[in-house]
2 protein chains.
Amino acid sequence: MTPRDQELQSWIDRIGQTLRRRRKELDLSLEDLSRLSGATVPSLSNIERGKRDVKLSTLVNLASALRIDLAELFTDDASETNTEAQNLPAGYDLEDD
Amino acid sequence: MTPRDQELQSWIDRIGQTLRRRRKELDLSLEDLSRLSGATVPSLSNIERGKRDVKLSTLVNLASALRIDLAELFTDDASETNTEAQNLPAGYDLEDD
DNA sequence: CCATAATTTATCTCACAAGATAAATTCATG
DNA sequence: CATGAATTTATCTTGTGAGATAAATTATGG
C-alpha cells in the first residue's frame, strides 16, 4: 500500500466518522438520512464505515442533507460540535428535500 | 436540474478551476501533472474543465501532486496564491512520486 | 505562416460507486 | 431473554469515472 493509498484511506475514514457523528447529532437513522439524501441505506452504511471511494456528488448530497458545509468534511478538527444554525434538534423535517 | 445538481456543478467547476490555477502556478503541463499524479492527460483535462463527478481518490492524488491540502479545494477564497512551502518554482521535480 | 507543444475530443475497456432488494446480524428496551 | 428497530452484509444491475490510445483542435514561439 503506497503512502498515497494510506492518505486516501485516512480521508475516507475521517469523512465517514464525521458523517456518522453528525447524523447521530441530529438523531437520524440511516433510513432517515437515506430519505433526506437520496442515498440508499447500504450505501450510507458503507460510506460511514470508510468502505468506499465516494464521488463528489455523494458528499455534496450528504453535506446538504446534514446541513453542514462540504468543507467541514475536510477540515477535521475532529470535534466540530455546534455552529448555531446547524443544530435544530426539535421537529427536524424528515421529508425528502 | 435540481438545486443540488447546481450546487454539485458549482463545486465541480470551482475545484477544476482551483486545480488548473495551481497547475499553472507551478508551470506544469497536463502531461507533467499526469506523470506526477498518475491520472491520464484526458482525465485531467476533463476534471479541470468541470466535466467529471470526481472520486475522492482522484482529488487526493491531485492535491498531493500539486502539493496543496485537500481542504484547499473546498475553501475557495478564489485567489489562494502562495503559502510559502507550497511554491517551489525552481527545479520542481517532475519525476513521478 | 509554420512547426511544435499543449489541450481537447473521441473510442473502447475496465473497475467500482451506488441503486435495489433481501437476508443476516447487532443493538435496544421492555 | 424476546421483539422490533437499526445496521451490516450479500447479490445483482446500471452508470460512469478513469485508464489507454489516437486523432483533432488550439495555442505559441520562430
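Chain identifiers are assigned alphabetically (A, B, ...) following the order of the sequence lines, protein sequences preceding nucleic acid strands; residue numbering begins at 1 within each chain. Predicted model, so just to flag it, every value in this text is computed and none were measured.
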[atom1] of [X] versus [atom2] of [N]: gap in Å, rounded?
{"X": "L30(B)", "N": "dA18(D)", "atom1": "CG", "atom2": "C1'", "value": "15 Å"}
{"X": "L8(B)", "N": "dA18(C)", "atom1": "CG", "atom2": "P", "value": "12 Å"}
{"X": "L56(A)", "N": "dC16(C)", "atom1": "CG", "atom2": "P", "value": "20 Å"}
{"X": "N61(A)", "N": "dA17(C)", "atom1": "CG", "atom2": "C1'", "value": "13 Å"}
{"X": "D5(A)", "N": "dC16(C)", "atom1": "CG", "atom2": "P", "value": "12 Å"}
{"X": "K51(B)", "N": "dT8(C)", "atom1": "NZ", "atom2": "C1'", "value": "11 Å"}
{"X": "K55(A)", "N": "dG17(D)", "atom1": "NZ", "atom2": "C1'", "value": "7 Å"}
{"X": "D53(B)", "N": "dG15(D)", "atom1": "CG", "atom2": "P", "value": "15 Å"}

Exercise. Between the two ends of the helix from dC1(C)-dG30(D) to dG30(C)-dC1(D), what is the bend in degrees, rounded to 10 degrees, where each end axis spans five pairs?
Worked result: 60°
N/O (side chain, [X]) to phosphate O (OP1/OP2, [N]) under 4.0 Å:
{"X": "R52(B)", "N": "dG15(D)", "answer": "no"}
{"X": "T58(B)", "N": "dG17(D)", "answer": "no"}
{"X": "T40(A)", "N": "dA18(C)", "answer": "no"}
{"X": "R49(B)", "N": "dT9(C)", "answer": "yes"}
{"X": "S43(B)", "N": "dG19(D)", "answer": "yes"}
{"X": "K24(A)", "N": "dT7(D)", "answer": "yes"}
{"X": "R20(A)", "N": "dT8(D)", "answer": "yes"}

For this session: Ignoring hydrogens and angles, state whether a donor on the side chain of R14(B) or T18(B) is under 3.5 Å from an acceptor on the partner side chain.
Result: no
Exercise. Does the side chain of Q9(A) pick up a donor-acceptor pair with the side chain of D13(A) at under 3.5 Å?
Worked result: yes
Exercise. Has the side chain of R23(B) got a donor or acceptor atom that lies under 3.5 Å from a matching backbone atom of L28(B)?
Worked result: yes
For this session: Would you indicate what V41(A) reaches in the nucleic acid, counting non-hydrogen atoms under 4.0 angstrom: base, sugar-phosphate, or nothing?
Result: base
For this session: Give one of base, sugar-phosphate or nothing for N46(B), where a contact means two heavy atoms less than 4.0 Å apart.
Result: nothing
Seminar exercise, completed: Among dT7(C), dT9(C), dA10(D), the one nearest any side-chain atom of P42(A) is dA10(D)
Problem set entry | Residue S45(B), side-chain atoms from C-beta onward, closest of dT8(C), dT7(C), dT8(D) | dT8(C)
For this session: Look at R22(B) together with E25(B) and state whether they make a salt bridge at an N to O cut-off of under 4.0 Å.
Result: yes
Exercise. Is the number of heavy atoms from other residues, nucleotides or ligands under 6.0 Å of E31(B) CD greater than 12?
Worked result: no
Exercise. Parallel, tilted or perpendicular: which describes the rings of F74(A) and F74(B), with under 30° parallel and over 60° perpendicular?
Worked result: parallel
Problem set entry | Of T58(B), I15(B), D53(B), the residue whose pairing with I47(B) passes side chain to side chain contact (heavy atoms under 4.5 Å, CB included) | T58(B)
Exercise. Salt bridge (Lys or Arg N to Asp or Glu O under 4.0 Å) between D32(A) and R35(A): does it pass, once the steps are laid out?
Worked result: CA-CA 5 Å; D32(A) 294 335; R35(A) 273 183 262 112; 3.4 Å; yes
